[in-house]
Amino acid sequence: MSFDLVLFGGTGDLTWRKLMPALFQAFRHGKLPEGGRILAVARDERSDEAYREFIREKFTGVDEAKQPTDQEFAAFAQLLHYRRMDLSKPEHYQGLKRWIESPTSEEGRSGSRADTVVLFLATSPYLFPVICSQLGAAGLNGPHVRVVLEKPLGHDLVSAQEINRIVRASFREEQALRIDHYLGKPAVQNLMALRFGNALFEPLWRRESIANIQITIAESIGVGTRGDFYDQTGALRDMIQNHALQLLTMIAMEPPSTSDADAIRDEKLKVLRSLRPFTPETVMRDVVRGQYKAGTVDGKKVPSYLEEAKVPANSTCETFVALRTEVQSWRWAGVPFYLRTGKRLAARDAQIVVNFREVPHPIFSGTRQANKLVINLQPEDGLELHLLAAKGGGPSSNGAEVLSPVSLDLDFDKAFPSERVGAYERLLMDAITGRLNLFVRSDEQEQAWRWVEPVLDAWKADTIGPRGYVAGSWGPAAASALVARDGNVWAEEQ
Ligand code: BG6
């Protein structure tokens, strides 16, 4: 299956930091279909050779194990092409169309158009409307074409709907692939496999056995050079509306009837529709927002958010959110779902913790909360099942057996050493081969906006602003109080 992959924003950050390294890994793993071309599109004039050199230099910044040898790069570079485009000019889209329709014999596909054309919009989102409508006007929207859209897709429900309306005017829903790179992470595929490829957990996956679920996406980095973008966005829009909610849908969805993309996405949408809606009062009670102050992360002193470049000195933008919600269904009624994310936290750590209920009648001394399942997304992916076991040292002086925590650890890097594929590599391959399971449908995305909007509105009306937390901590104390109200603690305090 031949393909053309066009990267709009071909010299931008996303392209060289994430997409090109992922494409190279796919190439190295022999996963890129034969007869492919990758075309980077950007504003300035440069030759294919100059572009290849630009990418080669950028590759020196990626993890050593992922860097190409000279020979590997020379082979990969043959796939790379560059084209200057002014994205407002219809004739430039006609030029692109000609390039797509008439590959040269040097490119190994003389005259024959690729089976699949993937147009990846790795540009600033304000360009999406113009690019999509120009692509449609140029006829670059045939059935063999897919368009990939990167977040942020809007900053509220109305702006997201507007983008979807424009995309829909040129492309059918199944041609528009919205990326949430968290869905490409191997741990998320393992969550699907765990839940729907094994019979073991399903009978327990409900309110009768599960006490609460915690989803944490902690980052130790600050906002870096993205201060201006971040200050307009904040943690709720940047991480909760998309990544954290997508993880929640994967945990809470009902078993889909098939593995088809729409069967899965229908179930995810039902979860989003079942989330308890926020009111101004419940936002104040169930949502904690924070902003980092100066502190120490990984042994280094770091500045406060307000001291970061391009951040206004009086900003009330949140860099941390913790919230409590419920999925209103027979399966989940009454089970708290805690979501938490933040920058400049104690560690880079993304995990989902499923806390099972305590034993109904204890006969051993010590803790009653025995079981939890931890799905680790980052820094390593894996699964841990925590149990209590007898150490074998005999009973304590009062005659009672004391149990100790042990865990069954599944380390997927060890179990499948040659099969590990990064999130962007997986999603790019899925975009090329047309597997839509891991892309977000427009109705899911809009429903997620609908759910977070009351929080944004309540914050607009609130004069207190975010609570400070010291960089390198686990966020404001109010986040611990939020779970303590239900008699719970966050995973790192257990
Ligand atoms: C992006 C956010 O979507 O995800 C960033 O815009 C964040 O702010 C990043 O740092 C985190 O992704 P990952 O894969 O490094 O956890």
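All ligand and atom numbering here is 1-based and tracks the order in the structure.
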> Where do R340 and T216 land on the side-chain hydrogen bond (donor to acceptor under 3.5 Å, both in side chains) test, with the steps shown first?
Replying inline: CA-CA 5 Å; R340 175 175 64 155; T216 296; 3.1 Å; yes
> Counting from 1, what ligand 1 atoms have a heavy atom of K151 closer than 4.0 Å?
Replying inline: 1 (C), 2 (C), 3 (O), 6 (O)
> atom 15 (O) of ligand 1: which protein heavy atom is closest, and how many Å away?
Replying inline: R348 NH2, 3.4 Å
> Among all protein non-hydrogen atoms, which one is nearest to atom 9 (C) of ligand 1, and what is the separation to 0.1 Å?
Replying inline: E219 OE2, 4.0 Å
>> Quick test: of every protein heavy atom, which one is nearest to atom 16 (O) of ligand 1, and how far off is it to 0.1 Å?
In response: Y182 OH, 2.5 Å
> Any side-chain heavy atom of D262 within less than 4.5 Å of one from E174?
Replying inline: no
> Should the pair Y305 and Y230 be assigned to parallel (<30°), tilted (30 to 60°) or perpendicular (>60°) ring geometry?
Replying inline: perpendicular
> Should you measure from each heavy atom of Q378, which atoms of ligand 1 turn up under 4.0 Å away?
Replying inline: 14 (O), 16 (O)
> Between W332 and F337, is a ring-ring contact (aromatic ring centres under 6.0 Å, His included) present by the stated rule, with each step listed?
Replying inline: CA-CA 9 Å; W332 295 116; F337 282 74; 5.3 Å; yes
> Is any side-chain heavy atom of L39 closer than 4.5 Å to a side-chain heavy atom of Y82?
Replying inline: no
> Who's the nearest protein heavy-atom neighbour of atom 12 (O) of ligand 1, and how far?
Replying inline: H181 NE2, 3.1 Å
>> With heavy-atom distances below 4.0 Å as the criterion, list the atoms of ligand 1 near K343.
In response: 5 (C), 7 (C), 8 (O), 10 (O)
> What residue and heavy atom of the protein are closest to atom 8 (O) of ligand 1, and at what distance?
Replying inline: D238 OD2, 2.6 Å
>> Show the atoms of ligand 1 that are less than 4.0 angstrom away from any heavy atom in H243.
In response: 1 (C), 3 (O), 4 (O)
> Does R441 come within less than 4.0 Å of E444, counting only side-chain N to carboxylate O?
Replying inline: no
>> Is the ring pair F24/F59 parallel, tilted or perpendicular, if the boundaries are 30 and 60 degrees?
In response: tilted
>> Which residue and atom name correspond to the protein heavy atom nearest atom 14 (O) of ligand 1, and how close is it?
In response: K185 NZ, 2.6 Å
